[in-house]
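Any value given below was found using the heavy atoms of this structure, including those in side chains, with hydrogens, waters and symmetry copies removed. To find a chain, count down the sequence lines: A is the first, B the second, and so on, and within it residues start at 1.
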Amino acid sequence: MKITFDTQTLEINPSGDNYVASMDGQTVSVQVLRADATRGRMDLLIDGKKVTAYVSSDMAKRWVTIDGQTMMLTKTSGAKKGVRHDHAGGLIAPMPGQVRSVSVSAGDVVKKGQTLMTMEAMKMEIRIQALKDGKVKTVHAAQGQTVEREQILIEMEE
Amino acid sequence: MKITFDTQTLEINPSGDNYVASMDGQTVSVQVLRADATRGRMDLLIDGKKVTAYVSSDMAKRWVTIDGQTMMLTKTSGAKKGVRHDHAGGLIAPMPGQVRSVSVSAGDVVKKGQTLMTMEAMKMEIRIQALKDGKVKTVHAAQGQTVEREQILIEMEE
Amino acid sequence: MTSSQPFTKILIANRGEIAIRIIRACRELGIKTVAVYSTADKDSLHVQLADEAILLGDAAPKESYLNVDKLIAAATQTQADAIHPGYGFLSENASFAAAVESAGLTFIGPSADSIRAMGDKAESKIAMKKAGVPTVPGFEGLETEEEYRKAAKKIGYPVLIKASAGGGGKGMRVVNEEGELAEAIEGARREALNSFGDERLLIEKYLADAHHIEFQIFGDKHGNLVHLFERECSVQRRHQKIIEETPSPLLTPELREQMGQAAVAAAKAVNYFNAGTIEFIFDPVLSTFYFLEMNTRLQVEHPITELVTGIDLVQWQIRIAAGEKFPFTQSDFHQRGHAIECRVYAEDPSNGFLPSTGKLLQFIEPRGPGVRVDSGFVTGSDVTHFYDPLLAKLIVHAEDRSAAIQRMQIALKEFIVHGVVTNIDFMQAVLAHADFAQGKVSTRWVERSMESGNLAPVQQQSAELQNLIAAALADVVFTGSKSQSAVSNETDPFNPWKQTNNYRN
Amino acid sequence: MTSSQPFTKILIANRGEIAIRIIRACRELGIKTVAVYSTADKDSLHVQLADEAILLGDAAPKESYLNVDKLIAAATQTQADAIHPGYGFLSENASFAAAVESAGLTFIGPSADSIRAMGDKAESKIAMKKAGVPTVPGFEGLETEEEYRKAAKKIGYPVLIKASAGGGGKGMRVVNEEGELAEAIEGARREALNSFGDERLLIEKYLADAHHIEFQIFGDKHGNLVHLFERECSVQRRHQKIIEETPSPLLTPELREQMGQAAVAAAKAVNYFNAGTIEFIFDPVLSTFYFLEMNTRLQVEHPITELVTGIDLVQWQIRIAAGEKFPFTQSDFHQRGHAIECRVYAEDPSNGFLPSTGKLLQFIEPRGPGVRVDSGFVTGSDVTHFYDPLLAKLIVHAEDRSAAIQRMQIALKEFIVHGVVTNIDFMQAVLAHADFAQGKVSTRWVERSMESGNLAPVQQQSAELQNLIAAALADVVFTGSKSQSAVSNETDPFNPWKQTNNYRN
């Protein structure tokens, strides 16, 4: 099996009772010493060294912890099409939370730095401000609405 | 549904979202506040009082802990037929463990108090002694064999 | 310890780990507990653990945990005889304390008068000066710009302008030179008026590289009052504490004695009883200290004090509230060993420490000798955006500071949280830093270290490949298992993946 | 604490909770660990937690944990530089200690000579008398029945005959009057010869209502040696400890001082270093104490000493073994608060405390401030009949004895073990008993209380119906869930059930 990871590809193949993993020309042997599904815990022998990994997953993400370091892998194909994870065309939520107030409507002309919306999460308040002068195209979130991180809040005209 | 319990019978019937339980003419209302299968944990409201129960089960037993008190329920129909849980016809293992030595064979005449077998478990040694004078009918366990609690070790002639 | 029961039943006007901490204390004292909860918390741990639980209302705090009327109605309905406010929410609200007492219940905390006296920054500062407690050089009650200009000159720049009724950094401005003064006063006034409905300000010397050192105090209703030594709380981000420890690596026995006496004097000046904390600003260069404010409640970081002094603060809060006499005097207390607390927050250090929410796919707490975890979550719990981001307090106690740091580093490694991003990796980086080892971390250290890239990630070179192998094998090895059931629903489980930015990377 | 690393890698010649305790200590000291295991333990927790694990052989201890050659081979193979023996198994085996040192490794414990000197009951008693340590009135080295008769008369009946090479109650006889003497000597000799290959006996005064009070001692290789106060270990069944506590409710400061000095003298008499324990018999009526024996290793109940003194005994064992100097003197140590340990055994109090085995369907450890659990099991672990029945040590620390008892009672309530029968209910009954509250429990108390029915179960009247309702509803509520999957395979889940006898009933 193959996993594409950013620009690299990891290949893992069974080899007897064990596995062989290779990436970037580096090849290592991998043995599963034991696996406890309830705790999401695996003891692996990677290249002769014992490695304990905790792995969890939901639909779009894998969480892996090894030696206290947690890495999150996001399934790119699982992300919604059309939702760009940048600020190019609009303003996205920097955190999950609730929209506390909306100060603009579609068609409003705004100035760079103007507060368009405020969000709140975990006792913290965040202002969503215009990145440059422009005109509001669409407002995607209303007061009181719960939004996810990276959800588009406001689209600006190009 | 009905549960026969020793000589008593508990009856539990749904009543709306809740249940009604009765035993010995006593009737109580039961509400399941929440249940966490992973931990085997239930919060119940029994007769208006909150009760937290931990319940586990294997094929033949239920373990129930309420307020620090653990009760074990054995499914009598699940027990092997013919295995009597007393010392009437023979000698049974008082604990799970391993047979360390066997001193008699079928046909041997033994005296009350004579050591017929020794068992070991968890660093503890136990002697299986004749309960009365008599003759050994069958020896059911050999040296080194692992036995369960209440397993018949030696049968005596009647 | 007497075994008489101070109360029959206590309502806990809080949630999360502190509600659970209070439930445990009550249980050991033989007192029944009433939890309160919002719709968002209906299956949370504090609801499960209490003897009774009352739904207050919607998730928004003003509909639930901040609603005085509903709380008092819940206490009356369940026949509780006292209310413990925990920290946050209504714990420092004098009107709530007064309302509780008016309803014939006992408020487990100081008197409403003490709370009120310490609630206003300007008034409390005046009271402290009167009591001989050192305060930051500055002035209160000024009005005209000219008055401020003179005051600032006298104090010497940089100066700090802050709202008298303030808190949480609102209505606060650092002024580096006279040219910035007018605008700063204007801005602070506007913010203070908006946030607190009170535009009064005060001006004082700004201490840039200060440490935050606080003293726990504890008193009964019979006039006995002691301090329980200090807590060093300088590792902060956005004025919020992340790591606390005691003893402070900066204090000499002489300074500790002086500051302890000042803390006791401060508390006595407002006739304080129950648990409270005197916060000081400490200047490590001059070894001077100034009263900053008093927290008139139990503190998040109280466990480190419990560990080095050996007393149970929450149990004593309850007993003192019931009128019991505190049987110890100052000389009964000694610091033993070293304790550190790390606050595990659901927040993303690589995203400006902003909150992270979600369902906890794994929540495995570390264990072992000298390790204590005060938490309000288990695997499967939801972390919502409604309340504060504290998932757990990881607390260690060891023989000395270096042993405590080692213990904490191991414990953080063993703390597994999947489902929300946490600051665990970030705290590892802080603990591994030379500045922390040397006790040199001031309150602005985190901010400056993040800016300068001075906080090196604690990471192994081989981690990346190992992580990927583990992620891939988990799909094979755990297939069909309950905790991984989502995986088997995917038609294309392996391709492609992207490593989400994290603090480490 | 210096941060130099005493060893690079340690092999732990043990299993279960103590192996895990040692792994944790090593981890905090930056030392790699090697676990060893038998086939029965291949997935047990100590194997999972160590950096490396070596299979020794079959489940039988002599093929695995008692096999000196295999252990030393495993240490050599993994390039470990020291071996920690834990307790039990080879920990008090002088030949093992010698073999470890001969192999060029460090034995983490006392010298083989010290172990040997304390291993023989008669010889150690002679050595103790010489060192001025009080011993039970009696005689060693007698041969003829006539000599024993004279000795017994001089001592006064009842007397105790015991094997010189003995331990664990083997080769031991209580003699109440002269008529029983001859047979007792004969029987004890035969048992001693069979068990230890050594028929030598000793005779001494039998103390019927004595307490078992032991002193922790700790010394380095440079001649520094201190005691770390006492542990009261009188709650026993079959000569096995169940509940231990410190301080002892019986000792006055003067007695503590005297016994501590005697313990130090006893250890110094055999040039002792590392951790050890001097066991005393204490007569509460006369307030006299006598040396009983020395345990030349870490004790199961060491955590309660760690909690009241604030030091980490296992870490110090390792550092001392590496030659480090113990930096403390006697006056540095003080007892703070009160600690209790309850040993959770897989054994059935209603079946003569005989072992219980099986798979752990649930193993939920209690938590909270002041609660420590040292355990070697998790849900899903198998409890086999091969090794000792200790599932976990539940340890609490609180301000004073009554608070510690309350904390332990709550913690025991929260300890959920399903799948094997445990002594948890039984320990609840002991803790709730007036004799325990008054510190009146002698070593024969459990036995006598069980006989007289004096140990009342801690049970609620309504428990039975509640239990049945919960059992029945679990089948409905959890149906289809993984942890209860066995249920859904049953065609007849409800009918009929029988309550298995338990201690409570």
Side-chain angles (χ1 to χ4, degrees), chain B residues 1-6 8-10 12 19 21 23-24 26 28 30 32 35 37-42 44 46-47 49 51 53-59 61-79 94-98 120-124 126 146 148-149, chain D residues 238 346-348 351-352 354-359 361-362 364 385-389 412-419 421-422 424-425 428 458-460 463-478 481-484 486-487 489-490 492 494-500 502 504:
Chain B
M1 55 189 165
K2 283 185 189 182
I3 306 175
T4 307
F5 169 71
D6 290 347
Q8 300 165 304
T9 296
L10 167 71
I12 299 188
Y19 298 88
M23 186 166 82
D24 292 338
Q26 193 188 349
V28 295
V30 182
V32 180
T38 314
R39 293 193 290 165
R41 186 184 191 280
M42 292 190 297
L44 307 174
I46 300 182
D47 220 11
K49 190 177 166 287
V51 172
Y54 288 86
V55 185
S56 307
S57 47
D58 54 20
M59 292 307 279
K61 293 193 192 98
R62 291 285 183 286
W63 303 77
V64 184
T65 303
I66 290 178
D67 202 26
Q69 296 297 315
T70 299
M71 183 190 260
M72 193 170 79
L73 300 172
T74 308
K75 197 178 182 194
T76 49
S77 66
M95 62 181 184
Q98 199 165 22
E120 191 179 3
M122 292 175 168
K123 303 199 307 182
M124 224 192 130
I126 289 252
T146 299
E148 293 301 310
R149 187 178 168 199
Chain D
R238 279 194 273 111
E347 64 181 24
D348 189 349
N351 186 33
L354 290 185
S356 169
T357 60
K359 187 181 276 297
L361 303 172
Q362 278 291 1
I364 303 175
H385 62 80
F386 296 110
Y387 312 112
D388 98 21
L412 281 171
K413 272 194 186 184
E414 292 180 355
F415 209 140
I416 310 294
V417 183
H418 289 174
V421 179
T422 73
I424 290 176
D425 287 4
Q428 288 281 26
V458 182
Q459 190 178 19
Q460 291 184 308
E464 193 163 287
L465 178 59
Q466 290 182 357
N467 273 285
L468 292 171
I469 291 171
L473 282 177
D475 286 329
V476 179
V477 172
F478 296 148
S481 80
K482 186 176 152 286
S483 66
Q484 301 293 323
V487 176
N489 296 333
E490 297 177 33
D492 174 26
F494 291 124
N495 189 25
W497 291 93
K498 164 180 173 291
Q499 184 183 355
T500 304
N502 204 330
R504 289 166 296 98

Going by the side-chain contact (heavy atoms from CB on, under 4.5 Å) test, name the single residue among B/Val51, B/Thr65, B/Val55, B/Ile66 that passes it with D/Asn467. B/Ile66

Counting only non-hydrogen atoms closer than 4.5 Å, does D/Ile416 touch chain B with its backbone (N, CA, C, O), its side chain (CB onward), both, or neither? side chain

All ring-ring contact (aromatic ring centres under 6.0 Å, His included) counterparts of D/Tyr387, not counting sequence neighbours: D/Tyr65

Can you check whether B/Trp63 reaches D/Gln362 side chain to side chain, under 4.5 Å on heavy atoms? no

Where does B/Gln26 contact chain D at under 4.5 Å (heavy atoms): side chain, backbone, both or neither? side chain

Are any of the side-chain heavy atoms of D/Arg238 and B/Met124 separated by less than 4.5 Å? yes

D/Leu468 side chain near B/Ile12 side chain, heavy-atom distance below 4.5 Å: no

Can you say whether B/Ala21 sits under 4.5 Å from chain D via the side chain, the backbone, both, or neither, judging by heavy atoms? side chain

Should D/Ile469 and B/Ile46 count as side-chain neighbours, where that means a heavy-atom distance under 4.5 Å? yes

Side chain to side chain donor-acceptor pair (under 3.5 Å) partners of D/Thr357, counting only residues at least two apart: none

Any donor-acceptor pair under 3.5 Å from D/Asn351 side chain to B/Pro94 backbone: yes

Of all heavy-atom pairs linking B/Met122 and D/Pro389, the shortest is SD-CB, 3.2 Å

Go through the atoms of D/Leu361 and report whether side chain, backbone, both or neither lie under 4.5 Å from a heavy atom of chain B. both

Heavy-atom side-chain proximity of D/Val477 to B/Met42 below 4.5 angstrom: yes

Min side-chain heavy-atom separation B/Thr70-D/Phe415 under 4.5 Å: no

